[in-house]
Enquirer: 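Structure incoming, see below.
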Amino acid sequence: HRMSVELNVASTEFLGETFHFIDCPGSVEFAHDMRAAIPAVDAAVVVCEADPKKIPQLQLVMRELEAQGIPRFLFINKIDRADRRLRETLALLQPVSRIPLVLRQIPIWKGDLIEGFVDLALERAFVYREHKPSEVIALEGGDLDREKEARFSMLEKLADHDDALMEQLLEDIQPPRDAIFDDLARELREGLICPVLLGCASRENGVLRLMKALRHEAPGVAETAQRLGAPAQKEALAYVFKTVHQLHGGKLSLVRLLAGHLDDGATLLSSSGESGRVSGILGVSGAHDTKRASAEAGDTIALGKLDAIKTGDTLSGGKTAPQALIK
């Protein structure tokens, strides 16, 4: 199909931490999968291109995320095929978002080709290496001037919500790097900014920088549960975002565990008044499922044979049926 037509889940390890990705189709024809999944994610990465024809569709996705208060990053993909300067691209994309798009990187050009990027928060320049870590280089000349201008623009947008940073900029004082990263994380989580990163996913360019941003700046499951109004409890609390019927495996409920600990064989009560006994906990990664004995808060898993449970249900391991987190 040359595009995603159904929701898929993948899990991976990065710098000692586990990440669960839910890949949602971007096309409006399959938006129901996205609408069911996004309430329980910690953050969204919206992958886009600098293509005016795709702006209306991108705006629909961004509006959905805004309406549900989901922290979001914008990742400009296929940057190696860019036919316009980044400043023009950002002006093209800003109307899709009601909050400021904050550019985190600028490209390093070599003629008509992009050979790397400058991280505006780190103040470091990197040159892409095919299937290898990027190489740090020194900035000079026009590239250094562009970096200073773009970094000041980023800091100005952050300073709109940080009086101390605004004073430092007015007094021409260099703000501490840690304070800048704290602002980036806080303003993302509070829905004040949408960070913009860039790269070329098919060549792995920019992916490592995106992963580091997710690791350090995206909220965690506790903040997601709080955003959803989930009660504080020790028992398992989960949200069902997708139901799959397999030819040989039967019914699987894809869930995000928002709180507590869940064991295989546990009995769960649903917000719709039904109950079911978990028959198998599976770690999901594309078409490759792995059996697990248990799951912890933050995990995205598949639960087997919960026949009475449906997409959109809230599940609890407590003695009383939970209130629905998603109306």
Side-chain angles (χ1 to χ4, degrees), residues 2-4 14 21 23 26 43-55 57-59 61-62 72-97 100-158 177 180-181 184 188 193-217:
R2 301 183 66 83
M3 67 181 205
S4 297
F14 178 69
F21 289 95
D23 175 36
V45 178
V46 183
V47 181
C48 69
E49 301 169 36
D51 184 347
K53 298 189 294 295
K54 296 182 178 180
I55 293 297
Q57 184 170 307
L58 174 62
Q59 188 172 49
V61 173
M62 295 292 280
R72 50 209 172 272
F73 294 85
L74 200 61
F75 185 85
I76 304 176
N77 196 23
K78 301 181 181 179
I79 197 67
D80 57 328
R81 304 181 196 173
D83 59 358
R84 66 182 74 223
R85 293 295 173 175
L86 195 56
R87 184 176 298 179
E88 298 174 16
T89 298
L90 203 63
L92 176 72
L93 295 176
Q94 181 59 68
V96 308
S97 175
L101 299 179
V102 176
L103 196 61
R104 294 287 304 275
Q105 300 165 303
I106 58 172
I108 299 173
W109 292 86
K110 186 175 183 179
D112 293 330
L113 299 176
I114 291 175
E115 65 171 0
F117 69 94
V118 181
D119 187 307
L120 298 177
L122 279 175
E123 294 185 280
R124 290 180 185 169
F126 300 85
V127 171
Y128 297 131
R129 293 288 180 255
E130 194 76 15
H131 304 300
K132 295 179 181 179
S134 300
E135 179 185 339
V136 180
I137 63 169
L139 272 181
E140 54 188 21
D143 287 334
L144 182 58
D145 294 337
R146 288 175 54 245
E147 185 272 337
K148 288 181 177 179
E149 180 184 356
R151 188 171 192 271
F152 187 79
S153 177
M154 178 191 75
L155 294 177
E156 277 190 315
K157 291 181 179 179
L158 295 179
R177 187 175 293 170
I180 294 172
F181 278 107
L184 286 165
L188 166 74
I193 62 169
C194 175
V196 179
L197 297 101
L198 52 89
C200 174
S202 63
R203 301 175 66 181
E204 301 176 17
N205 294 342
V207 177
L208 182 62
R209 182 63 253 168
L210 172 64
M211 289 296 296
K212 288 184 176 179
L214 290 172
R215 182 174 185 261
H216 292 291
E217 298 165 30

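Keep in mind that the numbers below use all heavy atoms, side chains included, and drop hydrogens, waters and symmetry copies.
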Enquirer: NZ of Lys212: more than 12 outside heavy atoms within 6.0 angstrom?
Expert: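 Incorrect, the count does not exceed 12.
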Enquirer: Measure the CD1-CG distance between Ile76 and Leu93 for me, rounded to the nearest 0.5 Å.
Expert: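 Ile76 atom CD1 to Leu93 atom CG measures 5.0 Å (nearest 0.5 Å).
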Enquirer: When rounded to the nearest 0.5 angstrom, what distance separates CD in Glu147 from CD in Glu149?
Expert: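 So the gap between those two atoms works out to 10.5 Å.
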Enquirer: Within a 6.0 Å radius of atom CZ on Arg87, are there more than 12 heavy atoms belonging to other residues, nucleotides or ligands?
Expert: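 Atom CZ in Arg87 is not packed in, count stays at 12 or less.
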Enquirer: Within the supplied structure, the quantity of interest is the number of heavy atoms (other residues, nucleotides, ligands) at a distance under 6.0 Å from Arg124 CZ; does it exceed 12?
Expert: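 12 or below, so no.
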Enquirer: Find out whether Asp143 and Val118 are in side-chain contact, i.e. whether some heavy atom of one side chain is under 4.5 Å from a heavy atom of the other.
Expert: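 With C-beta onward as the side chain, the pair stays apart.
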Enquirer: Between Gln57 (side chain only) and Gly26 (backbone N and O only), is there a donor and an acceptor less than 3.5 Å apart?
Expert: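 Between the backbone of Gly26 and the side chain of Gln57 there is a qualifying donor-acceptor contact (under 3.5 Å).
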Enquirer: Going by heavy atoms in the side chains, are Pro195 and Leu188 under 4.5 Å from each other?
Expert: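 A side-chain contact exists here, since the closest heavy-atom pair is under 4.5 Å.
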Enquirer: Walk me through it: do Phe73 and Val47 pass the test side-chain contact (heavy atoms from CB on, under 4.5 Å)?
Expert: CA-CA 9 Å; Phe73 294 85; Val47 181; over 6 Å; no
Enquirer: Looking only at heavy atoms, what is the nearest atom pair of Ile193 and Leu184, with distance?
Expert: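 For Ile193 versus Leu184, the nearest heavy atoms are CD1-O, 4.0 Å.
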Enquirer: Does the side-chain contact (heavy atoms from CB on, under 4.5 Å) test come out yes or no for Met62 and Leu74, once each step is laid out?
Expert: CA-CA 9 Å; Met62 295 292 280; Leu74 200 61; 4.2 Å; yes
Enquirer: Ala50 and Thr89: which non-hydrogen atoms are nearest, and at how many Å?
Expert: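 Between these two residues, the closest heavy atoms are CB-CG2, 3.5 Å.
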Enquirer: Do the ring planes of Phe117 and Tyr128 sit parallel (below 30°), tilted (30 to 60°) or perpendicular (above 60°)?
Expert: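 If you compare the ring of Phe117 with that of Tyr128, the planes turn out tilted.
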Enquirer: Could you tell me which residues satisfy ring-ring contact (aromatic ring centres under 6.0 Å, His included) with Phe75, sequence neighbours excluded, listed by chain and number?
Expert: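 With sequence neighbours excluded, Phe75 shows a ring-ring contact (aromatic ring centres under 6.0 Å, His included) to no residue whatsoever.
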Enquirer: Give a yes or no on whether a salt bridge exists between Glu217 and Arg104, defined as a side-chain N under 4.0 angstrom from a carboxylate O.
Expert: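 Between Arg104 and Glu217 there is a salt bridge, with a charged N closer than 4.0 Å to a carboxylate O.
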Enquirer: Hey, is Glu115 close enough to Arg129 for a salt bridge, meaning N to O under 4.0 Å?
Expert: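 Here Glu115 does not pair with Arg129 in a salt bridge, since their nearest N and O are not under 4.0 Å apart.
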Enquirer: Determine, step by step, whether Ile180 and Met154 satisfy the side-chain contact (heavy atoms from CB on, under 4.5 Å) criterion, reporting the C-alpha distance in whole Å, the side-chain angles of both residues, the deciding distance to 0.1 Å, and the verdict.
Expert: CA-CA 10 Å; Ile180 294 172; Met154 178 191 75; 4.2 Å; yes
Enquirer: What's the spacing between Leu197 CG and Leu210 CG if we round to 0.5 Å?
Expert: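 Separation between the atoms: 6.0 Å.
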Enquirer: How close do Val207 and Ala201 get, counting heavy atoms only, and between which atoms?
Expert: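 Looking at all heavy atoms of both residues, the shortest contact is CG2-CA, 4.3 Å.
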Enquirer: Going from NZ on Lys157 to CG on Leu103, what distance comes out if it is rounded to the nearest 0.5 angstrom?
Expert: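 One finds 7.5 Å between NZ of Lys157 and CG of Leu103.
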Enquirer: For the residue pair Cys194 and Arg72, establish whether any side-chain heavy-atom pair is separated by less than 4.5 Å.
Expert: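 With C-beta onward as the side chain, the pair touches.
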Enquirer: Where do Pro107 and Leu86 come nearest, in terms of heavy atoms and distance?
Expert: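 Result for this residue pair: CD-CD2, 3.3 Å.
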Enquirer: So, taking the atom named CG in Asp119 and the one named CD in Gln105, what distance separates them when rounded to the nearest 0.5 Å?
Expert: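 Separation between the atoms: 6.0 Å.
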Enquirer: If only atom types and distance count, is the side chain of Lys110 paired as donor or acceptor with the main-chain N or O of Gly116 below 3.5 Å?
Expert: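 No: the side chain of Lys110 does not pair with the backbone of Gly116.
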Enquirer: For the atom pair CD1 (Ile108) and CD1 (Ile106), what is the distance rounded to the nearest 0.5 Å?
Expert: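 Those atoms lie 7.5 Å apart.
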Enquirer: Can you check whether Leu101's main-chain N or O pairs, donor with acceptor, with Gln94's side chain at less than 3.5 Å?
Expert: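 Side chain of Gln94 to backbone of Leu101: a pair is present.
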Enquirer: Does the side chain of Val46 reach to within under 4.5 Å of the side chain of Leu58, using non-hydrogen atoms?
Expert: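 Side-chain contact under 4.5 Å: yes.
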Enquirer: Less than 4.0 Å between a side-chain N and a carboxylate O, is that true for Lys148 and Asp145?
Expert: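 Looking at Asp145 and Lys148, the cut-off is not met.
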Enquirer: I would like to know whether Leu208 and Phe14 meet side-chain contact (heavy atoms from CB on, under 4.5 Å); could you show each step before the answer?
Expert: CA-CA 10 Å; Leu208 182 62; Phe14 178 69; 3.4 Å; yes
